[in-house]
Amino acid sequence: MPEVETIRSGLSNLIVGKTVKAVAFDWPKSFPNSPMEVDKFLVNATVLSVQRRGKALLLALNSGYSLVIHLKMTGQLVYRDKIQKFGAGHPTGSLIGELPDKSTRVTLEFKDNAKLFFNDQRKFGWVRLMPTVEVMNLNFFKKIGPEPLEPAFTWGALKTQLQRRPNTSIKAALLDQSVVAGIGNIYADESLWGAKLHPAAMVKTLTDKNIRLLYKSIIDVLSLSIALGGSTDRNYVDAEGKKGNYLKFANVFRRDNLPCPRCGTTIIKLRVAGRGTHICPKEQRLKL
DNA sequence: CACTTGACCTGTCCGC
DNA sequence: TGCGGACAGGTCAAGT
């Protein structure tokens, strides 16, 4: 979510008010709309806003339609102005080369000749054009949980949401977007380390104290990552093509065989909820 | 119903 | 070098 939020704020400054001139796309799973729909509701439409819900982006258009975008693991949304320069010498400092490249699935061209590229190496992500009033009817949004950085998300709200998954591991629960929106594998590991909880601990075994600490940890971790422009594990870049800086400050994620920043114990990697998981084995104990 | 496992894709890295 | 297998930030369908 911090990565998507970073893209959202960047794109908001770059494309709101711009009008689409042309659209190129060729991979139906990445962009399933027909050329007819695109001509009618996207070409000549002006971007009204760029919003985020969970890990999805919503670009509202003045045609009554919206572009809904999910980047999944390797998606990128990179903006290039009309000059089409790139690399370290460019004012934006983009680390992505010339676009489009082999991973480009969708290109939006604006009337001022600026372009927005949707790149996605693994083709898991998607862009979808649909009526704005129907967006929240997508299953993805119908079952999505609370936004962790909204004021309504209190520790009690976290407890209530967790009680919906009592018999699963706390890691699986945190990754479940219907429990809390926006926590992915990196932030689940970092939040659990912050709260000194073992990721395989059953949700129903957590105490109120555990949940309060976890709540604070989630908010701290997500807020810090947004402040640092998100995490670049491999593919992630922001709307200007720049990498995020959070992983330099991560405590456990991808730090197996390195010392725990709190106690010095060697961090280990295990598999929980089918995902690579990093913990301090001394501080994050599985109570029996 | 609650929960877990594979599938969706491409690319990279590691061991033989 | 080459090849096979495991793994990668997420979600969904199908399985138990």
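Quick note on labels: first sequence line is chain A, next is B, and so on, each numbered from 1. Just so you know, these numbers use all the heavy atoms, side chains as well, and skip hydrogens, waters and symmetry mates.
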Stacking between C/dG10 and A/F124, yes or no? Criterion: centroid separation under 5.5 angstrom, plane angle under 30 degrees. yes
Could you tell me the separation between the CG atom of A/D189 and the C1' atom of C/dG9, rounded to a whole number of Å? 11 Å
Distance-only, no hydrogens or angles: does the A/Q76 side chain make a donor-acceptor pair with backbone N or O of A/N235 under 3.5 Å? yes
C/dG9: pairing nucleotide in any strand, Watson-Crick or G-U under 3.5 angstrom: none
So what does A/D233 touch, heavy atoms closer than 4.0 Å: a base, only the sugar-phosphate, or nothing? base
Give a yes or no on whether the ring-centroid distance for A/Y215 and A/F153 is below 6.0 angstrom. yes
Rounded to the nearest 0.5 Å, how far does OG of A/S225 lie from CE of A/M1? 9.0 Å
Name of the residue among A/K143, A/R165, A/R164 meeting salt bridge (Lys or Arg N to Asp or Glu O under 4.0 Å) with A/D176: A/R165
In whole angstroms, how far is the P atom of C/dT11 from the CZ atom of A/R128? 16 Å
Taking atom P in both C/dG9 and B/dC3, compute the distance separating them and give it to the nearest angstrom. 23 Å
NA contact type, A/N235, heavy-atom cut-off 4.0 Å: base, sugar-phosphate, or nothing? base
Indicate whether OP1 or OP2 belonging to C/dA8 is found under 4.0 Å from a side-chain N or O atom of A/R271. yes
Between A/L197 and A/Q284, which heavy-atom pair has the shortest distance, and what is it? O-NE2, 2.8 Å
Counting the atoms with a prime plus P, OP1 and OP2 as sugar-phosphate, which does A/G274 contact under 4.0 Å by heavy atoms, base, sugar-phosphate, or nothing? nothing
Between B/dC9 and C/dC3, how far apart are the two P atoms, rounded to whole Å? 24 Å
Mind checking A/G125 for me? I need base, sugar-phosphate or nothing, with any heavy atom below 4.0 Å counting as a touch. nothing
Taking atom P of C/dG9 as reference, at what distance in whole Å does atom CE of A/M1 sit? 18 Å
Between A/R275 and C/dC7, is there a contact of a side-chain N or O with OP1 or OP2 at under 4.0 Å? no
Need the pair for C/dG2. Rule: Watson-Crick or G-U wobble, both distances under 3.5 Å, any strand; none if unpaired. B/dC16
B/dG6 versus C/dA6 - spacing of their C1' atoms, nearest Å: 15 Å
Would you indicate what A/R254 reaches in the nucleic acid, counting non-hydrogen atoms under 4.0 angstrom: base, sugar-phosphate, or nothing? sugar-phosphate
Can you check the A/W126 CH2 to C/dC12 C1' distance for me, whole Å? 12 Å
So, does the side chain of A/R165 form a donor-acceptor pair with the base of B/dA2 at under 3.5 Å? no
So A/T74, base contact, sugar-phosphate only, or nothing? Heavy-atom distance under 4.0 Å. nothing
Distance between the P atoms of B/dG11 and C/dT11, in whole angstroms? 22 Å
Report the distance from atom CG of A/N167 to atom C1' of C/dT16, rounded to the nearest whole Å. 15 Å
